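Since the structure comes first, as structure tokens, the remarks are kept for the end.
Just so it is clear, the structure is predicted and the values come from calculations on it, not from any experiment. Atoms considered below: every heavy atom in the structure, side chains included; atoms not considered: hydrogens, waters and symmetry mates.
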Amino acid sequence: MWMSLSGVFNRDRLCILGAECLKAIYTALTTGVFLTGFLLNAGLDQAELGMVTSLPLIAGILYPLSPLLLERFRKRKPVLGIARLIFHSLVILCVTLLPGRVDDGALFWWMAAALLLGNSCNILVASGFPAWHIGFLPEEIRGRFFAISGIINSVFTALASFGASVLADAARESGNQMYWMGVIRHGAFVLAILELLLLLLPREPEYPQSRAKGWKLLTLPFGNRRFCLTMVPVFAWMMISTMTLYSANAYLLEEVKVSYVFLSVLQAMNIVTTAVVMPFWHRLLLRTSWLRAFQKVFLLFPLYPFLHMLVTGRTYVWLLPMTLLAYQTILAGGTLYFNNMAYLFTPKEDRTAYLSWYLMLVNAGSLCGQGLSALLLKLWPESWRLGNFSVAPAQRILLLQGLLSAGFGLWFGKVLLKRLEQKKDS
């Protein structure tokens, strides 16, 4: 049994799994609805919220430089640890301490600078941890590991979100919301440090020497056409799935007036939902392939934004549970398949270079998705009136998200999948 405690490699896998669980918790507490609420209460409007969360993604242009730095080291643990510590200190701790300590007019720029610098430090070594840890997850157990870790992570995420939401709603009633949100984020920082310790515990191997040196290392992945084609759905998934990451939450909190507790209870459904649907997604993978299964996710994903855009103050009690159930079901499959896209056509000896480009495209996809959302909120901040109905800006973005996912899913199946299979057969 690969999850057994016996054997060095099995203990290393447990460290990786434990780090993923801690990451799921502190990520839930410092992103999504809680980051949205924190920044809105700090004084940012919806457009500034979209910009301050998308601007740091510009640091993603540094991803290809990661192998130039990491390939200089046969042992990378100290470099990875220090960079990750700086990342958490700026992105979680510093951002938490800024409101009330800088002028309101300058808060946006201080927030953007902290997030930009913190993410830059992390990006320069970002491919180091996955290139190190994937060695403990051979292909024959990788799908099973990702499926089980997805279920376990959903449990920790839901429990953390519920606990934090109780505090957030209590703080909203007391009028001291920023204080309690700061407490939540300080707790998340402690968990991030514990995650870092677990990431550093597995044995570090002697990394294989890359055939390419210097700047040739940066262009190496471009010679692998199948890898390049696989990065197209990677970029598309990140762009489409993150478009409404903050605008949809801001819409629920500000316009629909949904409570944090109600949202967290619905998010807690993810525990049961993921456990129930993950075997289905895994069986689909076994019957088809990583790419064919991933294409099905794009076709199903529009169900979420089309339902979400219909959520209003009069319908959220019954419609929002249906919406999040659909989202959690589809996202479970999307996360499972997405996790392996970087490794499908990646040679072991050049894994750092390939992973750097993969991470850059992940970041670029998020930047395009969130940046497009922020731009639309800035250009058209007014609601549309259609007779007796009002269409908020966030609802328009949800509509666009669904149309883009459906369109890409069709193109993926008719064009891109055929090209990848032809390359495979040739």
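Legend: residues meeting salt bridge (Lys or Arg N to Asp or Glu O under 4.0 Å) with E48, ordered by chain and number and at least two apart, are absent.
Atom CZ of F162 is surrounded by 12 or fewer heavy atoms from other residues, nucleotides or ligands within 6.0 Å. Crowding of R292 atom CZ: a count of heavy atoms from other residues, nucleotides or ligands under 6.0 Å not exceeding 12. The environment of K23 atom NZ is sparse: at most 12 non-hydrogen atoms of other residues, nucleotides or ligands sit within 6.0 angstrom. Heavy-atom neighbours of W180 CH2 from other residues, nucleotides or ligands within 6.0 Å: at or below the threshold of 12. Crowding of F129 atom CZ: a count of heavy atoms from other residues, nucleotides or ligands under 6.0 Å exceeding 12.
In this structure, the side chains of I82 and F87 stay at 4.5 Å or more apart for every pair of heavy atoms. The side-chain heavy atoms of F145 and I16, taken from C-beta on, include a pair separated by under 4.5 Å. Residues L299 and F412 have side chains not in contact (no heavy-atom distance under 4.5 Å, counting atoms from C-beta outward). Within the 4.5 Å cutoff, side-chain heavy atoms of L377 are placed close to those of S373. With a 4.5 Å cut-off on side-chain heavy atoms, M238 and F338 count as touching. L90 places none of its side-chain heavy atoms less than 4.5 Å from the side chain of L115. A 4.5 Å side-chain heavy-atom check between C94 and W110 finds every atom pair outside the cut-off. Two residues are said to be in side-chain contact when any heavy atoms from C-beta on lie closer than 4.5 Å; S366 and M239 fail this criterion.
When each of L399, V391, I397 is tested with Q395 by the rule side-chain contact (heavy atoms from CB on, under 4.5 Å), just one qualifies, namely V391.
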Legend entry - Steps toward side chain to side chain contact (heavy atoms under 4.5 Å, CB included) verdict (H186, T96): CA-CA 8 Å; H186 278 95; T96 305; 3.7 Å; yes

Legend entry - side chain to side chain contact (heavy atoms under 4.5 Å, CB included) between V258 and L266, intermediate numbers included: CA-CA 11 Å; V258 179; L266 296 182; over 6 Å; no

Inset, instruction - Apply side chain to side chain contact (heavy atoms under 4.5 Å, CB included) to Y343 and L355, showing your working. - result: CA-CA 8 Å; Y343 308 108; L355 287 176; 3.7 Å; yes

Legend entry - L263 vs L320, side chain to side chain contact (heavy atoms under 4.5 Å, CB included): CA-CA, chis, key distance, verdict: CA-CA 9 Å; L263 277 174; L320 191 55; 3.9 Å; yes

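Between the CG atom in L420 and the OG1 atom in T230 there is a gap of 5.0 Å [rounded to 0.5 Å]. Annotation: the span from I86 atom CD1 to L117 atom CG amounts to 10.5 Å, rounded to 0.5 Å. Separating the SG atom in C368 from the CE atom in M243 is a distance of 10.5 Å, to the nearest 0.5 Å. Taking OG1 of T329 as the reference point, atom CG of L300 lies at 10.0 Å (rounded to 0.5 Å). Taken to the nearest 0.5 Å, the CD1 atom of I193 stands 10.0 Å off from the CZ atom of R84. Here E195 contributes atom CD and L22 contributes atom CG; the two are 7.0 Å apart, rounded to the nearest 0.5 Å.
The two residues Q295 and G409 make their nearest non-hydrogen contact at NE2-O, 3.0 Å. The two atoms that bring F294 and G334 nearest to each other are CE1-O, 3.9 Å, heavy atoms only. Across S149 and E20, no two heavy atoms sit closer than the pair CB-OE1, 3.3 Å. Between T242 and G369, the closest heavy-atom pair is OG1-CA, 4.3 Å. The two atoms that bring A114 and L98 nearest to each other are CB-CD1, 4.5 Å, heavy atoms only. Here the shortest heavy-atom pairing between G333 and V297 reads C-CG2, 3.9 Å.
W132 places a side-chain N or O within donor-acceptor distance of the main-chain N or O of R203, the cut-off being under 3.5 Å. The backbone N or O of F136 lies less than 3.5 Å from a partner atom in the side chain of R13, making a donor-acceptor pair. Remark: the backbone N or O of L199 is paired with a side-chain donor or acceptor of H133 at under 3.5 angstrom. A donor-acceptor pair under 3.5 Å is absent between the side-chain atoms of S405 and the main chain of Q401, judged by distance alone. Using a distance-only test at 3.5 Å, with no hydrogens or angles considered, no donor-acceptor pair links the side chain of T27 to the main chain of A24. Counting only distance, with no hydrogens or angles, the side chain of N41 and the backbone of G37 share a donor-acceptor pair below 3.5 Å. At least one donor-acceptor pair under 3.5 Å links the side chain of K77 to the backbone N or O of L200.
Two rings, from F301 and W237, have their centers less than 6.0 Å apart. Taking the six-membered ring wherever Trp is involved, the centroid distance between the rings of H88 and Y26 falls below 6.0 Å. Aromatic ring centres of Y358 and F227 lie farther apart than the 6.0 Å criterion allows.
No side-chain donor from either of S247 and T244 sits under 3.5 Å from a side-chain acceptor of the other.
A cation-pi contact, defined as under 6.0 Å to the ring centre and within 45° of the axis, links R185 to F38.
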